[in-house]
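To keep things clear, I will list the structure first and then write my remarks on it.
Keep in mind that the numbers below use all heavy atoms, side chains included, and drop hydrogens, waters and symmetry copies.
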2 protein chains.
Amino acid sequence: MRRGQQTGANSIKKNFASIYFMQLEQAQSIIAEAVQKKQLLCVVGNCFVEYWGRAASKLPKGKRMLLIKGDSSFAIHQNKNLRPTNYMMNAAISCELQGENLVLKATKRKPKESITVTFYSIEFAKAFEMEDSADIRLFGSETELSRELMQDLSFIEPGLKPAQSECPFRKGVVDILAEDVEGNLVVVEVKRRKADYKAVTQLERYMKQVEKIKGKRTRGILIAPDIQKNARELLEESGLEFAKFDFEIGNPKAKIKGIKKKQRDLKEFF
Amino acid sequence: MRRGQQTGANSIKKNFASIYFMQLEQAQSIIAEAVQKKQLLCVVGNCFVEYWGRAASKLPKGKRMLLIKGDSSFAIHQNKNLRPTNYMMNAAISCELQGENLVLKATKRKPKESITVTFYSIEFAKAFEMEDSADIRLFGSETELSRELMQDLSFIEPGLKPAQSECPFRKGVVDILAEDVEGNLVVVEVKRRKADYKAVTQLERYMKQVEKIKGKRTRGILIAPDIQKNARELLEESGLEFAKFDFEIGNPKAKIKGIKKKQRDLKEFF
DNA sequence: GCGATCAGCGGCACG
DNA sequence: CGTGCCGTTGATCGC
């Protein structure tokens, strides 16, 4: 790219900047080549979008950005929202001239769906070769917090000992399975953010399963930074327990700041 | 843009295409102006990304595309996945030269978080004025299906009638509240896709709430195109019912193809 | 602002 | 493949 060429043109002919269009034939060849080479393709133009599949949608004429990635993900972006307006993963992509328009189609079976993007004009189209072998490293996931917690469950209550973590059951995975001082089994469910009623029903379900399989009294403790009011009610109705869990995201691993356990004895419930 | 300029350069100097870089100062001014004007900004370059907030992440050096939109959404895209690797909504954005690098920062409070993108080189940076007043129109959402169903509940079972014109419960909480021929209340939960155990616990919760408030026998019917095996078991254990719900996405509204109700009498349960 | 819930959820891991 | 479930879930609507 020639330095300053674009901005130069824009500053001289500000009011006409938007009339510099690309021939659709040229765009078509850029697109076809990019898709074939699995490059990152960026197309900006005036278009109309239709989707048919799991649902159906129409996006009236307007200017959008089409982003096609090397893994055949296909996304129409408007100038708002993180998420694309229309999208498809693992799309089979075609691109052809139809009269005065350039029509891109993304299709997929299983589930069967299709996106049709009809470009009336294209302002910009460019492919980028994206050498990038790196992968993101994320810290502070729920699994990581569970593992951290496993190190010392006495934060939750004295004498609580870890038995297993991430133990797969017939259905779902129990975050932590532990044993309290009285020899009861304790199912611990960890949530990285404010727990809602779904977390409670999830824990209840696991707890009952474990109780059934192991055939001995089992408690359920939900650990989260906070819990929603109605979730709290549901939890207490179900005889489950909640423990507040403050943490700070650290590097290389999360740091547990402290745990305040709500005082609620098993005997209260039974 | 001059027609053919880009592809021309690429075809002549294929092997050197990637060495055409932009001065960071120039990129900086493009970026600053785009952010100020709420244009759609697209930057491609070699960078390193750090995130700190609800979690923490590091993305090692590599070539990515940064997309900043008019609503201050900020997204780093790799050449894979629909979703950005790093992102932020409603970001406060800064952009400054730091030594040999151009550093973009996106920050936010509530929750407090920040993304730092350190560009070592920038291959491309361009802002697009995105005149686009149109909004997507989507058909086939759960709400729409509920409304469709409301028209004629006899599809589910003969004599089933909407209980009240206006449900006394908060909108959206109970999909449909109806009354069967025997005068029982019926809570109907509609799912647009294969129902899982969460749909069952949700229905159970609503059903019990309604039963408690109204003080009369209440049934719960889950309506979905399909249901998972263990969700089915849970549902039957809870004395709830399932009705298959085939539909076709149509325009302007979804068409219900038919409903096959599983024969399961209330008396069976009570 | 928080709460609740849907989403064409996407993405990942596991069986 | 389906199944389950987390996510920096995002996005929307109601309060």
Whole angstrom value for the distance that separates [atom2] of [N] from [atom1] of [X]:
| X | N | atom1 | atom2 | value |
| --- | --- | --- | --- | --- |
| B:Asp135 | D:dC13 | CG | P | 10 Å |
| A:Asn90 | C:dG11 | CG | C1' | 12 Å |
| B:Lys110 | C:dG3 | NZ | C1' | 14 Å |
| B:Ile223 | C:dC6 | CD1 | C1' | 18 Å |
| A:Glu142 | C:dG11 | CD | C1' | 15 Å |
| A:Glu144 | D:dC6 | CD | C1' | 14 Å |
| A:Asp196 | C:dG3 | CG | P | 11 Å |
| A:Ile136 | D:dC6 | CD1 | P | 20 Å |

Phosphate OP1/OP2 of [N]: any [X] side-chain N/O under 4.0 Å:
| X | N | answer |
| --- | --- | --- |
| B:Lys198 | C:dT5 | no |
| B:Gln202 | C:dC6 | yes |
| B:Tyr87 | D:dT8 | yes |
| A:Gln228 | C:dA4 | yes |
| A:Lys191 | D:dG7 | no |
| B:Lys112 | D:dT8 | no |
| A:Tyr206 | D:dC5 | yes |
| B:Arg109 | C:dG1 | no |

Give [X] one of three labels, base, sugar-phosphate or nothing, depending on what nucleic acid heavy atoms sit under 4.0 Å from its own.
| X | result |
| --- | --- |
| B:Arg137 | nothing |
| B:Lys194 | sugar-phosphate |
| B:Arg192 | sugar-phosphate |
| B:Met88 | nothing |
| B:Ser141 | sugar-phosphate |

Between D:dC5 and C:dA7 - C1' atom distance, rounded Å: 15 Å

Quantified in whole Å, what is the C1' atom distance between nucleotide C:dT5 and nucleotide C:dC9? 12 Å

Among C:dC2, D:dG2, D:dT8, which is the nearest nucleotide to the side chain of B:Ala55? D:dT8

Quick one: side-chain hydrogen bond (donor to acceptor under 3.5 Å, both in side chains) partners of B:Lys61, sequence neighbours excluded? none

Partner set under side-chain hydrogen bond (donor to acceptor under 3.5 Å, both in side chains) for A:Lys208, not counting sequence neighbours: A:Glu204

For the pair B:Arg64 and A:Asp132, find out whether any cationic side-chain nitrogen is under 4.0 Å from an anionic carboxylate oxygen. yes

Hey, are A:Lys80 and B:Asp71 close enough for a salt bridge, meaning a charged N less than 4.0 Å from a carboxylate O? no

Partner residues of A:Phe48 under the ring pair (Phe, Tyr, Trp, His ring centres under 6.0 Å) criterion, sequence neighbours left out: none

Please list, by residue number, the residues of residues 71-83 of chain B whose heavy atoms come closer than 4.0 Å to an atom of DNA chain C; answer none if no residue qualifies. B:Asn81, B:Leu82, B:Arg83

Looking at C:dG8, does its base get a donor-acceptor pair with the side chain of A:Glu113 below 3.5 Å? yes

Check if the side chain of B:Asn230 and the base of D:dT3 share a donor-acceptor pair of N or O atoms closer than 3.5 Å. no

Side-chain donor-acceptor pairs of residues 83-90 of chain A under 3.5 Å, sequence neighbours excluded:
from: A:Thr85; atom 1: OG1; to: A:Gln78; atom 2: OE1; distance (Å): 2.9
from: A:Asn86; atom 1: ND2; to: A:Ser57; atom 2: OG; distance (Å): 3.1

Assert: residue with more 5' nearest nucleotide on DNA chain C, out of A:Lys229 and A:Tyr51, is A:Lys229

With rounding to the nearest 0.5 Å, note down the distance linking OG1 in A:Thr201 to CZ in A:Arg205. 8.5 Å

If you measure from CD1 on A:Ile76 to SG on A:Cys47, what distance do you get to the nearest 0.5 Å? 5.0 Å

N/O donor-acceptor pairs under 3.5 Å from side chains in residues 106-117 of chain A, not counting sequence neighbours:
from: A:Glu113; atom 1: OE1; to: A:Tyr51; atom 2: OH; distance (Å): 2.5
from: A:Glu113; atom 1: OE1; to: A:Arg54; atom 2: NE; distance (Å): 3.1
from: A:Glu113; atom 1: OE2; to: A:Arg54; atom 2: NH2; distance (Å): 3.3

